[in-house]
Amino acid sequence: MIVWLNGTHGAGKTTTSPLVQQLILESRVFDAEKVGETLMDIKPRLPWTGNFQHWPPWRPLVVETARHVLDYTGGTLVMPMTVLVERYWREISTGLAQHNIPVRHFVLHADQDTLRARIDGDTDLGPSTFRHAYLEPYAEAARTWLHAEAEVIDTTHLTPAEAAERIAKAVGS
């Protein structure tokens with residue numbers, strides 16, 4: 001199974017995912033961003049699109065990597081990864097379904113003011129115009145398709161541990 005943690009920057013995906021992993025037996029964290037980073041390391045570089053998710057190889061490589069890891073290890077993959085383009089989510093979720101991999105899709109949500117404050121107060125990455133640029137696309141995705149496609153966990157007033165507990169309980173761990 002895959003427990004996909006979606007949501008925009010500042011929602012708590014990276015912080016919450018290892019906490020979820022600790023609560024679900026036989027689980028591992030797989031950050032699909034690493035697939036994008038691998039593609040970014042190709043020399044000469046692939047044509048830049050502004051985000052590695054726009055590269056056609058990224059989505060099927062995420063599916064195939066997850067499939068092969070699950071075939072090798074079994075258990076559950078906890079995958080913290082923002083996907084705000086509906087077509088990309090459909091491509092990934094359909095690919096996983098074709099391999100009979102069940103997905104529990106969660107969106108970690110917080111209000112825009114909270115997200116801005118978290119991004120600006122991030123002591124590891126610091127304030128980021130890249131991360132701020134995804135706040136409005138997230139709000140649009142939330143309004144139009146994303147919240148209807150997932151179980152929404154509002155993290156505005158939750159600690160990461162509380163969010164992880166809710167996710168693990170929903171998954172049945």
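- Annotation for Leu84 and Ala141: closest pair O-CB, 3.6 Å, computed over non-hydrogen atoms.
- Neither Leu108 nor Val152 shares a network with the other; the hydrophobic side chains, linked directly or stepwise wherever heavy atoms of I, L, V, M, F, W or Y lie under 4.5 Å apart, form separate groups for each.
- Evaluation of the salt bridge (charged side-chain N to carboxylate O under 4.0 Å, His left out) rule for Asp71 yields Arg67 as partners, not counting sequence neighbours.
- Applying the side-chain hydrogen bond (donor to acceptor under 3.5 Å, both in side chains) rule to Thr8 yields no partners; only residues at least two apart in sequence or on another chain are considered.
- Heavy atoms only, all atoms of each residue included: Ala168 and Leu23 are closest at CB-CB, 3.7 Å.
- From Leu19, atom CG reaches atom CD of Glu165 across 9.0 Å, with rounding to the nearest 0.5 Å.
- Counting heavy atoms from C-beta outward, Ile24 and Met1 have side chains that stay 4.5 Å or more apart.
- Contact detail for Pro137 and Ala133: the closest heavy-atom pair is CD-O, 3.2 Å.
- Linking Ile, Leu, Val, Met, Phe, Trp and Tyr whenever their side-chain heavy atoms come within less than 4.5 Å puts Val69 and Leu39 in one cluster.
- Interatomic distance, OH of Tyr138 versus CG of Leu146, reported as 6.0 Å (0.5 Å rounding).
- Not counting sequence neighbours, the partners of Phe52 by the ring pair (Phe, Tyr, Trp, His ring centres under 6.0 Å) test are Trp58.
- Qualifying side-chain hydrogen bond (donor to acceptor under 3.5 Å, both in side chains) partners for Thr156, counting only residues two or more places apart in sequence or in other chains: Asp154.
- Minimum heavy-atom separation, Thr14 to Pro80: N-CB, 4.5 Å.
- In the hydrophobic clustering of this structure, Ile167 does not group with Val103; members are Ile, Leu, Val, Met, Phe, Trp, Tyr whose side-chain heavy atoms approach within less than 4.5 Å, directly or through other members.
- Both Leu158 and Val78 are assigned to one and the same hydrophobic cluster, defined by single-linkage of ILVMFWY side chains at heavy-atom distances under 4.5 Å.
- At a cut-off of 3.5 Å, with distance as the only test, a side-chain donor of His99 or Glu64 sits close to an acceptor on the other residue.
- Residue pairs meeting the salt bridge (Lys or Arg N to Asp or Glu O under 4.0 Å) criterion with at least one member in residues 8-20, sequence neighbours excluded, do not occur.
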Could you please spell out the steps behind the side chain to side chain contact (heavy atoms under 4.5 Å, CB included) verdict for Val62 and Met79?
-> CA-CA 10 Å; Val62 167; Met79 295 183 63; 3.8 Å; yes
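- Here His68 pairs with nothing under the ring pair (Phe, Tyr, Trp, His ring centres under 6.0 Å) rule; sequence neighbours left out.
- Contact between Tyr88 and Gln53 at its shortest, heavy atoms only, is CE1-O, 3.4 Å.
- Placement of Val83 and Val107 within a single hydrophobic cluster is found when ILVMFWY residues are connected by side-chain heavy-atom separations under 4.5 Å, directly or transitively.
- With hydrogens and angles ignored, the 3.5 Å screen pairs a side-chain donor or acceptor of Trp55 with a backbone N or O of Pro47.
- Residue pairs meeting the salt bridge (Lys or Arg N to Asp or Glu O under 4.0 Å) criterion with at least one member in residues 126-137, sequence neighbours excluded, are Asp122-Arg131, Glu136-Arg143.
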Determine, stepwise, if the pair His105 / Trp89 fulfils side chain to side chain contact (heavy atoms under 4.5 Å, CB included).
-> CA-CA 10 Å; His105 185 197; Trp89 175 251; 3.3 Å; yes
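- Scanning for ring pair (Phe, Tyr, Trp, His ring centres under 6.0 Å) contacts around Phe130 gives His9, Tyr134, with sequence neighbours left out.
- Sorted by first and then second residue, the side chain to side chain donor-acceptor pair (under 3.5 Å) pairs involving residues 22-31 (not counting sequence neighbours) form an empty list.
- With sequence neighbours excluded, the residues satisfying side-chain hydrogen bond (donor to acceptor under 3.5 Å, both in side chains) with Arg118 are Thr155.
- At least one side-chain heavy atom of Ile92 sits less than 4.5 Å from a side-chain heavy atom of Trp4.
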Applying side chain to side chain contact (heavy atoms under 4.5 Å, CB included), run through Leu135 and Ile119 and close with a yes or a no.
-> CA-CA 10 Å; Leu135 294 179; Ile119 292 168; 4.0 Å; yes
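- Residues in residues 104-115 take part in these salt bridge (Lys or Arg N to Asp or Glu O under 4.0 Å) pairs, two or more places apart or across chains: Arg104-Glu151.
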Step-by-step side chain to side chain contact (heavy atoms under 4.5 Å, CB included) determination, Ile153 to Leu5 | CA-CA 10 Å; Ile153 307 288; Leu5 304 185; over 6 Å; no
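- Sorted by first then second residue, the salt bridge (Lys or Arg N to Asp or Glu O under 4.0 Å) pairs that include residues 76-99, not counting sequence neighbours, are Arg59-Glu91, Glu86-Arg90, Arg90-Glu149.
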